[in-house]
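See structure below.
All chains are named by letter (A, B, ...) in the order of the sequence lines, taking the proteins before the strands, and each is independently numbered beginning at 1. Remember, it's a predicted structure, so these values are computed and weren't measured experimentally.
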Amino acid sequence: MKVTEMIEKTGFKTVYLGEDREVAGVYCGDLLSWVMGKGQPEQAWITVQSHLNVIAVAVLREFSCIVLAEQAEFPEEVIERAKNEGLTLLYSDLPVYETAVRLYEAGV
Amino acid sequence: MSVIYEKIYNVERDDYANAGLVSSLIKQSLRTIGISPAVSRRVAVAVYEAEINMIIHAYGGTITLQISDDGMIRLIAKDKGPGIPDIEKALTPGFSTASKKAMELGFGAGMGLPNIKRNADEFSIESSPAGTTLDLKFQERE
């Protein structure tokens, strides 16, 4: 499934739409080194961390997009960095668990 | 075996905003010269963790990338102190001395050095109050 199809099926709000990458799974986590160690390419990453460094982690791990959960918000500088990297940022007002369930129900 | 490429990158203390920049640059360089995605990814993870360690724990430092004519990739991460008092503890997954501020940002999982060690093919670490040096080697695993 592509990121755009995933957005359509989940109803997550698009903060920035970058490259329309393949989504092959989901990873949830907020401890960056943990995510760095365990995340896999083409996963959608659900987190509540929204500072600049999440962009570095997502790019290095080759995630397909970041889904920010629990009504957290991306600062402007983070959105700018994502644009430079072509990385899609999404926003979910649901808690992490429900956000993951919605992705599961969408077929990710 | 001789070194055919060398580049030195600086990492500044407390420079959270640019954390990940060096690993991103190194990953791009490796991909450009034809190093496989799998090896590039392992190197990038190790560089990222070394950068973070320098930013949150050390007084900054340098990361040197060397590539040899036999395809060996070597990374030397050298910081300016204050050193790691107990290296064995620092290598234990989950052990962290990160500040509260760093932890709130999602750092300090205690997975930095373990991630580096797992991704490198050769790993050595030396530390004193004058600084810590990581010497890492990577090559294709096929």
Tell me whether the count of non-hydrogen atoms from other residues, nucleotides or ligands lying under 6.0 Å of CD in B:Glu6 goes above 12. yes

Non-hydrogen atoms of chain B under 4.5 Å away: do they reach the side chain of A:Leu31, the backbone, both or neither? both

Anything in residues 16-35 of chain B with a heavy-atom distance to chain A below 4.5 Å? Please list those residues in order. B:Tyr16, B:Ala17, B:Asn18, B:Ala19, B:Gly20, B:Ser23, B:Ser24, B:Lys27, B:Arg31

Going only through I, L, V, M, F, W and Y residues with side-chain contacts under 4.5 Å, is there a path from A:Val3 to A:Leu87? no

Select all residues of residues 41-59 of chain B having any heavy atom within less than 4.5 Å of some heavy atom of chain A, and report them by number, or 'none'. B:Arg41, B:Ala44, B:Val45, B:Tyr48, B:Glu49, B:Ile52

Determine, using the 4.5 Å side-chain heavy-atom cutoff (strictly less than), whether A:Leu17 and A:Ile55 are members of one ILVMFWY cluster. no

Quick one: do A:Val108 and A:Phe63 end up in the same hydrophobic cluster if we chain Ile, Leu, Val, Met, Phe, Trp and Tyr together by side-chain heavy atoms under 4.5 Å apart? no

Under the salt bridge (charged side-chain N to carboxylate O under 4.0 Å, His left out) rule, what pairs show up with a residue in residues 71-97 of chain A, not counting sequence neighbours? A:Glu80-A:Lys83

What residues of residues 86-118 of chain B make heavy-atom contacts with chain A at a cutoff under 4.5 angstrom? B:Glu104, B:Leu105, B:Gly106, B:Phe107, B:Ala109, B:Met111, B:Gly112, B:Asn115, B:Arg118

For A:Glu8, look at atom CD and say whether over 12 heavy atoms of other residues, nucleotides or ligands are found less than 6.0 Å away. no

Any idea which of A:Gly37, A:Ser33, A:Ala56 has the most non-hydrogen atom pairs under 4.5 angstrom with chain B? A:Ser33

Consider only side-chain heavy atoms of I, L, V, M, F, W and Y, link residues closer than 4.5 Å, and tell whether A:Trp34 and A:Val54 are in one cluster. yes

Under a single-linkage definition using a 4.5 Å side-chain heavy-atom cutoff for Ile, Leu, Val, Met, Phe, Trp and Tyr, are A:Leu52 and A:Ile66 assigned to the same hydrophobic cluster? yes

